[in-house]
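Notes to accompany the following structure.
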Amino acid sequence: MKTWARGLAGLLLAAALQPAWSAVEDGYELWQRYRALPPVTQSEVLVRALSILPATPMTPTLQAAVAELKRGVAGLTGREPAVSAQLADGALLLATPASAPAGLNLPWAELGREGYLLRSVKLQGRAVTLIAANTDIGLLYGSFAWLRAAQTGADLGKLDLRSAPRLGLRLLNHWDNLDRTVERGYAGASIWDWWKLPDIRDARYVDYARANASLGINGTVLNNVNAKADSLTAPFLAKAAALADVFRPYGIRVYLSARFSAPVELGGLKTADPLDPAVRAWWKAKADEIYRRIPDFGGFLVKANSEGQPGPQDYGRNHADGANMLAEALTPHGGVVMWRAFVYAPDAGDRAKQGYAEFQPLDGRFAPNVMVQVKNGAIDFQPREPFHPLLGAMPKTPLALELQITKEYLGFSTHLVYLGPLFEEVLRTDTQRPSGVTVAGQLTAMAGVANIGTDRNWCGSHFDCANWYAFGRLAWNADLHASDLAREWVMQTFTAKPGAVDSIVSMMTASREAVVDYMTPLGLHHLMGTGHHHGPAPWVDNLERADWNPVYFHRAGRDGIGFDRSPRGSNATAQYAPGWAARLARPETTPEEWLLWFHHLPWDYRLASGRTLWAELVARYDRGVASVVDMRARWATLQADIDPVRHADVTAYLAVQEAEARWWRDACLAYFQSASGLPLPPGVRPPERSLNDYKALRFNFAPGRGG
Ligand code: BDP
């Protein structure tokens with residue numbers, strides 16, 4: 001070979017060995033990128049997916065499953081499998097009990113309506129992979145599971161995997177307004193283009209459905225819990241129906257947030273009293289109208305008598321009266337009501353106690369198709385909260401757990417905070433009602449407040465998509481581990497290179513503890529800026545309602561810091577099961593992570609570390625900042641492993657996060673020092689600016705305030 005030709009061949013070889021970054025690595029494809037696998041894995045996938053043998057009859061859902069398998073295999077291997085009616089070696093065989101070849105003895109009953117089984121078998125002498133389920137939606141979930149297995153290093157020749165969700169309802173809650181603003185949205189505008197619907201159906205709706213179905217999410221509440229009655233008018237129902245049509249093949253039902261006063265606003269009635277026959281008739285007629293348009297409509301989500309929303313208490317009725325009226329209207333159609341327990345009245349004592357106080361006595365009084373939807377903690381989606389005392393305390397009422405995927409209080413979409421560990425922490429907590437029954441064990445449904453918007457990468461940052469992913473996977477199976485989910489997500493989203501995967505997973509798993517440390521360590525909570533919740537503002541004490549002020553929550557002064565919820569204080573601890581109540585009543589037995597949530601302690605109180613409370617607080621703020629510095633350094637080492645565009649995006653975001661973590665640390669220490677009157681421990685860096693400088697900062701146009 002001529003020298004120049006050898007040179008060229010060398011160059012070409014070098015180019016071939018370089019990871020082939022695609023021009024479209026902008027995050028849009030989420031964890032469904034299906035980029036070419038390394039050659040060895042590629043041939044492994046190829047021999048297992050030479051052809052697809054679909055079940056019959058061919059429904060739209062099955063079509064979606066086959067299309068996804070084709071798309072996935074084509075992307076991963078460069079060769080699209082043929083769809084065939086012949087059983088051949090290397091076939092992916094999609095089977096339901098009706099279409100399965102004779103002689104297959106499978107545990108169909110255990111798969112339920114939505115579960116699936118993946119198994120490598122020999123059938124009539126052929127080596128095939130079975131994707132089996134009782135329904136077409138089970139087959140769709142199974143197809144996604146097979147694609148996940150192919151991308152995350154499973155041995156595709158020895159598959160034997162069975163999975164069925166324990167929770168029947170796994171939902172996203174969109175806090176999207178009809179004008180396309182999004183309450184607590186940090187990823188652009190609402191993806192629902194209400195104005196152009198129902199005629200224009202954005203292609204993005206299909207990709208939204210594919211992403212959700214790949215996780216097993218089977219419902220979506222389209223509009224904000226702070227609802228406008230307009231969402232129940234005929235034009236908007238037509239728009240919701242168009243979305244429902246797009247989502248139906250993917251097993252996703254549409255739900256709406258309902259405004260309790262709609263009979264007055266839309267129906268011209270004088271009252272929305274749930275015991276008034278005319279009001280009941282109005283809701284029945286409305287439900288009938290909705291089901292005429294959306295035959296598989298899921299039901300209503302309701303925020304009532306909370307933060308100014310109308311509700312049954314406006315008429316001297318209780319939450320059960322309100323919820324049961326809506327339930328009655330939905331019952332003939334099989335719909336459900338998800339009635340939120342996020343309520344707190346002004347000046348009614350400890351805000352953390354109010355949800356339990358209003359709802360627990362109503363246990364047993366709700367109609368069977370009502371679920372009470374409870375946030376994971378009793379205040380509001382903080383970086384860390386103890387589990388909500390209602391979880392486990394309403395044994396006669398189906399409970400839905402509400403988690404927030406959008407990071408309202410955790411640095412919006414600019415901070416890298418992987419929420420898997422937060423979700424796992426609450427799901428795994430033993431409620432002791434009775435002992436050994438975890439929060440997950442008390443649930444009927446899970447709802448995640450979505451972080452999705454029109455941003456090209458869907459969630460406002462690449463890493464925030466991992467939170468959507470982790471929520472969906474945990475809603476399907478709460479026994480999964482956050483770190484395993486991070487690994488799956490990284491392998492599908494960024495790279496499968498082992499060292500890089502480990503590095504990114506460790507960044508992700510450390511990130512939740514980091515944000516707790518640099519924002520609200522040791523059980524502190526709600527120190528965020530007024531209204532928008534951006535940045536530190538522990539000094540705020542002038543808001544209309546006491547329980548909107550950070551000073552109400554931390555109570556820092558010369559004598560110490562923390563909210564006394566022990567029996568000597570508000571006695572919120574008594575709302576927990578006796579074992580927990582006894583533990584939480586005393587600071588020595590309260591988990592240190594929750595210490596200042598439950599106790600007001602002197603600054604010289606000694607912690608397990610041997611440090612005083614003041615020194616520990618300072619150390620935690622410092623640890624949080626150090627952890628972000630470490631994340632940044634790790635990410636910098638990954639430049640060769642990640643495509644340049646996304647690597648640069650994350651690099652820029654981490655710089656913002658580090659600056660804001662320092663700001664949080666400095667502003668909080670400056671303020672708490674002014675409260676404690678204590679000097680900083682020796683060697684500790686003083687805050688960069690004066691407390692007054694931090695107090696003077698304003699963020700008038702911070703995102704997420706909604707319309
Ligand atoms: C808080 C949000 C507010 C929501 C409210 C809710 O700040 O925007 O409307 O919760 O959950 O987290 O209803």
Side-chain angles (χ1 to χ4, degrees), residues 112-114 164-171 173 217-221 225 232 251-258 260 262-263 272-277 279-291 294-305 311-313 317-343 355-356 358-375 388 390-402 431 433-434 437 439-447 475 478:
R113 200 186 71 77
E114 295 177 300
R166 205 184 61 74
L167 304 182
L169 299 178
R170 307 172 299 275
L171 281 79
N173 287 185
I217 287 171
N218 66 0
T220 181
V221 182
V225 287
L232 299 174
I252 298 167
R253 286 183 180 211
V254 154
Y255 297 68
L256 290 171
S257 291
F260 197 78
D273 180 349
L275 300 192
D276 185 301
V279 173
R280 300 178 90 89
W282 188 88
W283 280 110
K284 275 186 176 242
K286 186 48 76 180
D288 294 346
E289 179 192 349
I290 295 175
Y291 279 91
I294 312 174
D296 55 354
F297 178 66
F300 293 133
L301 173 64
V302 187
K303 172 174 178 177
N305 293 123
Q313 292 172 350
R317 315 297 183 195
N318 64 32
H319 291 292
D321 297 327
N324 292 347
M325 169 194 63
L326 295 177
E328 179 186 78
L330 295 170
T331 297
H333 309 285
V336 299
V337 175
M338 290 160 297
W339 192 270
R340 298 176 82 231
F342 177 70
V343 293
Y356 181 100
E358 275 188 41
F359 277 85
Q360 203 287 327
L362 297 175
D363 189 28
R365 310 240 327 251
F366 289 97
N369 56 336
V370 174
M371 272 177 285
V372 170
Q373 184 160 311
V374 184
K375 290 189 182 183
H388 199 301
L390 269 177
L391 295 165
M394 298 186 69
K396 299 185 198 125
T397 311
L399 292 183
L401 176 67
E402 183 176 305
T431 60
R433 292 189 192 269
V437 181
V439 167
Q442 311 277 3
L443 302 178
T444 298
M446 258 168 78

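Owing to the predicted nature of the structure, the values given are computational and were not obtained by experimental measurement.
Residues Leu391 and Gln442 approach most closely at C-CG, 4.5 Å, considering heavy atoms. Between Phe359 and Met394, the shortest heavy-atom contact is O-CE, 3.4 Å. For Ala258 against Trp283, the heavy-atom pair with the smallest separation is CB-CH2, 4.1 Å. Looking at every heavy atom in both residues, Val439 comes nearest to Leu401 through CG1-CD2, 4.5 Å. Nearest approach of Ala475 to Arg170, heavy atoms of both residues: O-CD, 3.4 Å.
If you check the side chains of His319 and Asn305, you find no donor sitting under 3.5 Å from an acceptor. One side chain, Asn218 or Glu114, offers a donor N or O that lies under 3.5 Å from an acceptor on the other.
Side-chain contact between Pro312 and Trp339 is present, with heavy atoms from C-beta onward closer than 4.5 Å. When side chains are defined from C-beta on, Leu256 does not count as touching Val221, because their heavy atoms never get closer than 4.5 Å. Two residues are said to be in side-chain contact when any heavy atoms from C-beta on lie closer than 4.5 Å; Thr444 and Leu167 fail this criterion. Contact of the Met446 side chain with the Leu169 side chain is not registered, since no non-hydrogen atoms from C-beta on lie closer than 4.5 Å. Between Leu330 and Ile290 there is no side-chain heavy-atom pair separated by less than 4.5 Å. The shortest distance between side-chain heavy atoms of Pro274 and Phe260 falls below 4.5 Å. Put simply, the side chain of Val302 does not reach to within 4.5 Å of the side chain of Arg340, judged on heavy atoms. Residues Tyr255 and Met338 meet the side-chain proximity criterion, which asks for heavy atoms closer than 4.5 Å.
Listed by chain and number, the residues in a side-chain hydrogen bond (donor to acceptor under 3.5 Å, both in side chains) with Arg433 amount to none (sequence neighbours excluded).
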I'd like a table of donor-acceptor pairs (distance under 3.5 Å, sequence neighbours excluded) in which one partner is a side-chain atom from residues 367-374, with atom names and distances.
unit_1 : atom_1 : unit_2 : atom_2 : d
Asn369 : ND2    : Ala327 : O      : 3.2
Asn369 : ND2    : Thr331 : OG1    : 3.1
Asn369 : ND2    : Gly335 : O      : 3.1
Gln373 : NE2    : Asn173 : OD1    : 2.9
Gln373 : NE2    : Glu402 : OE1    : 2.6

Got a list of side-chain donor-acceptor pairs under 3.5 Å for residues 294-301, not counting sequence neighbours?
unit_1 : atom_1 : unit_2 : atom_2 : d
Asp296 : OD1    : Arg248 : NE     : 3.4
Asp296 : OD1    : Arg248 : NH2    : 3.0
Asp296 : OD2    : Arg248 : NE     : 2.8

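Leu362 pairs in a side-chain contact (heavy atoms from CB on, under 4.5 Å) with only one of the listed residues (Asp321, Thr397, Asn318), which is Asn318.
Judged by distance alone, with hydrogens and angles left aside, the side-chain atoms of Gln360 form a donor-acceptor pair with the main-chain N or O of Ala393 at under 3.5 Å.
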